[in-house]
**Q** 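Got a structure for you, questions after.
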2 protein chains.
Amino acid sequence: MTSRELKNDVYDAIAGITKAFSNPNRLEILDLLSNGEKSVEEVAAQTAISFANASQHLQVLKSARLVRLRKEGNKVIYTLANPKVLAAWQAMKQLAEAVEPGIGLTLRQYRRARQTDQSISLSALDQTRYLLLDVRPAGEYDYGHLPGALSIPVDELELRLTELPKGKTIVAYCRGAYCTMADAAVLLLRAKGYNAVRLAESPVDSASAA
Amino acid sequence: MTSRELKNDVYDAIAGITKAFSNPNRLEILDLLSNGEKSVEEVAAQTAISFANASQHLQVLKSARLVRLRKEGNKVIYTLANPKVLAAWQAMKQLAEAVEPGIGLTLRQYRRARQTDQSISLSALDQTRYLLLDVRPAGEYDYGHLPGALSIPVDELELRLTELPKGKTIVAYCRGAYCTMADAAVLLLRAKGYNAVRLAESPVDSASAA
DNA sequence: CAACTATTCAATAAAACAATTGAATATGCA
DNA sequence: TGCATATTCAATTGTTTTATTGAATAGTTG
């Protein structure tokens, strides 16, 4: 094997992996799976991707070995295959936000319009004054959550308000900066008379050790 | 803007960046630029990419804002735009090597065939017994090199053997694991009667702080 | 200003990718 | 066994990406 053949082989192989990251739908799927394993149906339901197309994208991720699958009954459950997938995906997000300021602008604009742009950092959280609330689906909370967080999925929030202490500010978090469940939760809570803000971080941020 | 519109905008924008990583030629260009700025001509010469095609790929990288350009005379010099580019690219390489064992196998096979698979780590380097040799082009050495390294580009090595101390083992390094200049140097040095091995690391490894 | 060098641009053709549709398969349950 | 559910497969179409070629442009040098 010549030096050129070596390089071609190696860069082709790496591009085989990076190509799996080159589609916006697959990136959204990676963000979903970062929060917990999901069936094809769940992936399709939580994104704007059709069922068959979601299956195709998951297969692309699978042949790049970024995800693994497990059969459970007649369902197929997909999981991230390796913590390095998360690490690489986060590095890409950080790079993208650094070189493309439009991303941050879009996010801020969305939140300013809803007055959910205020957020509080985990390090500033004082348990006596704040309640940390995980508004993701229960399965994602079970898969991994921030210490001390209470789980009430945003869909159930209105019916379960009694579980919240009246005196504290509610600090809601969800799947991360591109997820709007915490925004929805904050808006609902404020409409019901609570003080509520978003959390600056998300559980995925802390799960990225290689 | 709806939640779905927000997500579409954000993931589309990120995919705009990740797409720039999805071509093997561009990955090789990123590895080249990680070692120092280069003109289009240099990029084309050091890869198997035609001149016009190299220019096109550099423009793709530029519109993704991964590289910057500077005009110097009638040359156009390209540089990595941001240290996060390096960080993301390294995360991708690490991921690819983790999920695709064929990459490591190919590299080991190439080096075993040449008996250059032996390498020594920077931390094990003792100055009294080893000489650290940077065999990359001089411009790349100037751009950044490991402390204490001597610069002799592999092309000039045969003519400059007198600069090497006879008693020490020569530890050669180049652009990284996918670069074969250090292998070539080790082979040449051994043929000339020196003890020589590759260094396990490369300068790029240490330059990846965000 | 003419010749030269370095680069970009534009047009093309082949290949790869993406989303849709409907059929096929596999598993579970009545 | 038959029906329902969950998923994959296969075929199709439109779009995007890629490498090649040759022309056009910009800066340099004599």
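Atoms considered below: every heavy atom in the structure, side chains included; atoms not considered: hydrogens, waters and symmetry mates. Letters go in sequence order (proteins before strands), and every chain restarts at 1.
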**Q** Would you mind reading off the distance between Leu69(B) atom CG and dA26(D) atom P, rounded to a whole angstrom?
**A** 15 Å

**Q** Return no unless some side-chain N or O of Tyr78(A) is found under 4.0 Å from OP1 or OP2 of dT8(D).
**A** yes

**Q** Can you tell me the distance, in whole Å, between the CG atom of Asn8(A) and the P atom of dT18(D)?
**A** 15 Å

**Q** Polar atom pairs between nucleotides 23-28 of chain C and protein, under 3.5 Å, N or O only, would you list them?
**A**
{"residue": "dT27(C)", "atom": "O3'", "partner": "Gly73(A)", "partner atom": "O", "Å": "3.4"}

**Q** Kindly compute the distance separating CG (Leu189(A)) from CG (Leu164(A)), expressed to the nearest 0.5 Å.
**A** 6.0 Å

**Q** Output the rounded distance in Å from CG (Asn53(A)) to P (dA11(D)).
**A** 18 Å

**Q** Only pairs at least two apart or in different chains count here, so list each ring-ring contact (aromatic ring centres under 6.0 Å, His included) that has a residue in residues 10-66 of chain B.
**A** Tyr178(A)-Tyr11(B)

**Q** Tell me whether the OP1 or OP2 atom of dC17(C) has a side-chain N or O from Asn23(A) closer than 4.0 Å.
**A** no

**Q** Rounding to an integer number of Å, can you tell me how far Lys38(A) NZ sits from dA6(D) P?
**A** 16 Å

**Q** Side chain of Gln56(A), base of dT20(C): donor and acceptor closer than 3.5 Å?
**A** yes

**Q** Take atom CD of Glu41(B) and atom P of dA6(C), then tell me their distance rounded to the nearest Å.
**A** 4 Å

**Q** Is a salt bridge present between Arg198(A) and Asp117(A), judged by a nitrogen-to-oxygen distance below 4.0 Å?
**A** no

**Q** I want to confirm an ordering. Mapping Lys19(A) and Val40(A) to their closest nucleotides on DNA chain D, which one lands closer to the 5' end?
**A** Val40(A)

**Q** For the residue pair Asn53(B) and Gln56(B), confirm or rule out a side-chain donor-acceptor distance under 3.5 Å.
**A** yes

**Q** Taking OP1 and OP2 of dT17(D), is either one under 4.0 Å from a side-chain nitrogen or oxygen of His57(B)?
**A** no

**Q** Do you know which two heavy atoms are closest between Val135(B) and Cys174(B), and how far apart they sit?
**A** CG2-CB, 4.0 Å

**Q** Nearest whole angstrom, please: distance from the P of dT7(C) to the NZ of Lys75(B).
**A** 7 Å

**Q** In whole angstroms, how far is the C1' atom of dT18(D) from the CZ atom of Phe51(B)?
**A** 19 Å

**Q** Less than 4.0 Å between a side-chain N and a carboxylate O, is that true for Glu5(B) and Lys7(B)?
**A** no

**Q** Establish, with yes or no, whether the OP1 or OP2 oxygen of dT18(D) is under 4.0 angstrom from a side-chain nitrogen or oxygen of Arg26(B).
**A** yes

**Q** Distance-only, no hydrogens or angles: does the Asp205(B) side chain make a donor-acceptor pair with backbone N or O of Ser202(B) under 3.5 Å?
**A** yes

**Q** For dA19(D), does OP1 or OP2 lie under 4.0 Å from any side-chain N or O of Ser50(B)?
**A** no

**Q** Please report, rounded to the nearest Å, how far the C1' atom of dA18(C) is from the CG atom of Leu27(A).
**A** 14 Å

